[in-house]
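Chain letters run A, B, ... following the sequence lines, proteins first and then strands; every chain starts at 1.
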There are 2 protein chains.
Amino acid sequence: MTVTIKDVAKKAGVSPSTVSRVLSGHPRISLETSRKVKVIMEEMGYTPNMMAKSLVSKTTNSICIILPKPAEELFSNLFFMELIRGIVTQSSRSGYDVLISSGANEKEELEAVSRLLKGRRVDGVILLYSRKDDAVIDFLQSGGYPFVLVGRSDRYEDILSVDNDNIMAAYDATNHLISMGHERIGFVSGPPNLIVSRDRLEGYRKAMQGKGLEMKDEWIVEGEFLQDSGYRAMSFFMNLPNRPTALVAVDDMVSFGVLRGLNELKYKVPEDLAIVSFNNIPLSELSSPPISSIDIGIYHLGYTASQVLIQNIQKPDNQDGYTNRFVIPHRLIVRESSMHTPGN
Amino acid sequence: MTVTIKDVAKKAGVSPSTVSRVLSGHPRISLETSRKVKVIMEEMGYTPNMMAKSLVSKTTNSICIILPKPAEELFSNLFFMELIRGIVTQSSRSGYDVLISSGANEKEELEAVSRLLKGRRVDGVILLYSRKDDAVIDFLQSGGYPFVLVGRSDRYEDILSVDNDNIMAAYDATNHLISMGHERIGFVSGPPNLIVSRDRLEGYRKAMQGKGLEMKDEWIVEGEFLQDSGYRAMSFFMNLPNRPTALVAVDDMVSFGVLRGLNELKYKVPEDLAIVSFNNIPLSELSSPPISSIDIGIYHLGYTASQVLIQNIQKPDNQDGYTNRFVIPHRLIVRESSMHTPGN
DNA sequence: CTGTGTAAAGCAAACGGTTCCATTAGGAGG
DNA sequence: CCTCCTAATGGAACCGTTTGCTTTACACAG
């Protein structure tokens, strides 16, 4: 049988309440008693039952991560791995466990979140995406549950969130290509309902406009954060009469798809097409050629999200003048894929 | 306030036990009562408190996976990503939540596992590695806790485990090179305390001996599951007087390191050195040249592990004649890196 | 009309903790 | 010597469910 607080109490000749107080370091316990009880706990191999503790304290010391919809697909991106790594590392430092959950669609996600939060299985939630008009966010917000968004919301201003300045990041990426001498620059975007797609597209537009460069509609292609999207975008671009000499892709995975396609068609990177993309996942420097990428500090993003959430769980009253939006700095890593000046 | 089973009971004019029984589909509840109660639960937005439920049922409907801390360093992240993806997918299908935990070292891992299991926070554990003489395994085994090993144990025969036939896989990889005409074949291994390293090395040996080929000690190099190890192994091999014409690497990441090194020295793959490695991570086909690799079905490995564990949790008495070791098939994917017959 | 079987629902005791309130025993102050 | 205070501990209720054991209420056979 598992040993409970009562067993320890009996053997130590004290009451259960005393044992409980020893456990929580209550001030009014004599040093002597405390030591005696601790020895006995050790002897008997006592481990507190978290469920019982949670039941009364209404606290679980765990948080949960909601993976975006097509968890099975999007999950194949190293982006999430890094994020999770950051979250798990920081959480365990704060003594919190991390639960991973996902749903096949927005409705399932909502059910899962509701079950976990209302069922008191977790204390808070980290959302790994930011969609437009998200029902999950509405639920969390109106229920007053602690949560943090990796990304930003289009509706609520006062939400706790950790994000990059994606507009600026895209601006930087595009300007890098422009400064290398490119004038015809394409853009491969992500799903339009994701805020990050829109932000990056906006940054691209700003940069192009800023330098007075032409922006054709056909140079902007929508896709997913997947290789295939890159592959398709590539074949579309390369068949254009006056095709771009460079492109900005919304995610490194997309670049890999582009690379694969160009390779098949015997085009050279960066000579025939220069590429810059986002996220700087660990594989970016391993491809051939290595891909120039905006490092957005994924691990840091996750680490901070966890920190901010747990802090909010522990004292929810910290909106006194402090900001709710945390911006993680980005930085352009230039690699071979963009190191070429077009012959024009 | 949150609504409890008692609130529902009061409003429905029945006892709490009745509500509980409605919830669990007890047979001796009249259809009428059942319907009435369900309507009221819906109205009041009732969600069961998992903690209370777990406390009495001694069951949590969640499992946990232990990431080896060295995982972050030793393994290619994509491997774990895939594994986790498989686990989370299958677990959520079975209605289980997944908790992620890790420790900085074996002692910390043990503490975490003990806290989670003895503290009744999870019902079972998936270990994502198999080391020699593992204390965590000893703990789980002697405590009679449900767990499954991805990999295999060197000590216990009757442990639940999901693995590849790594010996055979390495045998196949090596034989592929032999059949291409290679006779001097090197091997880059992983840390010797990991069972997978040993198994693959053994398979390599078997294949070489099987064909009566010479095996020099200097053709076998130990490393980690990292690029750097490949880089180092490469420069060692290429400086050998009678150097190998091909090599088998224990992980794709190692191959990338080899590739990078060879590229720097202007050697050609596969002409100067043919390569085959393991795991077939998504990037394997993106490198130049694409790498021949043994696909070990990582996702499937994770999916099966979760399945087997949950089954064992739900009815622990299934060792009646059935095997405890599940072997996921592997398959050699031949790509450019090994498509060349040595001129000799 | 009484005894018996059965379906439906209620009672109350757990599960393993925490915490408010009460109790006890000295020691200080008057 | 008697209060009164305080430090240290004990007692018991409670957190939200589940479940074994009763109880209730009929229907039906004898």
*Asks:* Under 3.5 Å, which protein N or O atoms sit close to an N or O of nucleotides 23-27 of chain C? Give each pair with its distance.
*Replies:*
none

*Asks:* Are the side chain of S57(A) and the backbone of K53(A) linked by a donor-acceptor contact shorter than 3.5 Å?
*Replies:* yes

*Asks:* For a quick check under 3.5 Å, do S15(A) and S17(A) share a side-chain donor-acceptor pair by atom type?
*Replies:* yes

*Asks:* Classify S57(A) by what it touches in the nucleic acid, base, sugar-phosphate, or nothing, heavy-atom distance under 4.0 Å.
*Replies:* nothing

*Asks:* Using the C1' atoms of five pairs at each end, what's the angle between the two axes of the helix from dC1(C)-dG30(D) to dG30(C)-dC1(D), to 10 degrees?
*Replies:* 70°

*Asks:* Among residues 8-27 of chain B, which ones have heavy-atom contacts with DNA chain C below 4.0 Å?
*Replies:* G13(B), V14(B), S15(B), S17(B), T18(B), R21(B)

*Asks:* Using modelled atom types only, decide if a donor and an acceptor are shared between the side chain of Q141(A) and the backbone of I137(A) within a distance under 3.5 Å.
*Replies:* no

*Asks:* List the residues meeting ring pair (Phe, Tyr, Trp, His ring centres under 6.0 Å) with Y46(A), not counting sequence neighbours, and say none if there are none.
*Replies:* none

*Asks:* Tell me, do V14(B) and V19(B) make a side-chain contact under 4.5 Å, heavy atoms counted?
*Replies:* yes

*Asks:* Let me spell it out: for each of V56(B) and R28(B), pick the nucleotide of DNA chain C with the closest heavy atom. Which residue's pick is nearer the 5' end?
*Replies:* R28(B)

*Asks:* Send over the distance from K118(B) NZ to dG16(C) C1', rounded to a whole Å.
*Replies:* 15 Å

*Asks:* Using the test side chain to side chain donor-acceptor pair (under 3.5 Å), find all partners of Y303(B) that sit at least two apart in sequence or belong to another chain.
*Replies:* R93(B)

*Asks:* Is it the case that Y156(A) and N324(A) place a side-chain donor and acceptor less than 3.5 Å from each other?
*Replies:* no

*Asks:* According to side chain to side chain donor-acceptor pair (under 3.5 Å), who are the partners of S91(B), at least two apart in sequence or on a separate chain?
*Replies:* S306(B)

*Asks:* Under a 4.0 Å N-O cut-off, is there an ion pair linking K10(A) with D7(A)?
*Replies:* no

*Asks:* Tell me, please, which residues at least two apart from Y145(B) pass ring pair (Phe, Tyr, Trp, His ring centres under 6.0 Å).
*Replies:* F139(B)

*Asks:* Are any side-chain N or O atoms of T89(B) and backbone N or O atoms of R85(B), one a donor and one an acceptor, separated by less than 3.5 Å?
*Replies:* yes

*Asks:* Base, sugar-phosphate, or nothing for L55(B), non-hydrogen atoms under 4.0 angstrom?
*Replies:* base

*Asks:* Which pairs with one or both residues in residues 140-154 of chain B pass salt bridge (Lys or Arg N to Asp or Glu O under 4.0 Å), sequence neighbours excluded?
*Replies:* K132(B)-D154(B), R152(B)-D199(B)

*Asks:* Going by number, which of residues 34-53 of chain A have a non-hydrogen atom under 4.0 Å from DNA chain C?
*Replies:* Y46(A), T47(A), P48(A), N49(A), A52(A), K53(A)

*Asks:* Could you check how far CD1 of I5(B) sits from C1' of dC15(C), rounded to whole Å?
*Replies:* 15 Å

*Asks:* List in chain and number order the residues that pass side-chain contact (heavy atoms from CB on, under 4.5 Å) with T60(B), two or more places apart in sequence or in another chain; answer none if no residue qualifies.
*Replies:* M51(A), R121(A), S54(B), S62(B), D123(B)

*Asks:* Would you compute the distance between atom CG of L67(A) and atom OH of Y129(A) and round it to the nearest 0.5 angstrom?
*Replies:* 9.5 Å

*Asks:* Quick one: side chains of residues 26-40 of chain B, donor-acceptor pairs under 3.5 Å with protein atoms, not counting sequence neighbours, listed by atom name and distance.
*Replies:*
residue: S30(B); atom: OG; partner: T33(B); partner atom: N; Å: 3.2
residue: S30(B); atom: OG; partner: T33(B); partner atom: OG1; Å: 2.7

*Asks:* Identify the 5'-most and 3'-most nucleotides of DNA chain D with at least one atom closer than 4.0 Å to a non-hydrogen atom of chain B.
*Replies:* dG16(D) to dG20(D)

*Asks:* Which part of the nucleic acid, if any, lies within contact of K6(B), taking any heavy atom under 4.0 Å across all strands shown: a base, the sugar-phosphate backbone alone, or nothing?
*Replies:* base

*Asks:* Using modelled atom types only, decide if a donor and an acceptor are shared between the side chain of E106(A) and the backbone of A135(A) within a distance under 3.5 Å.
*Replies:* yes

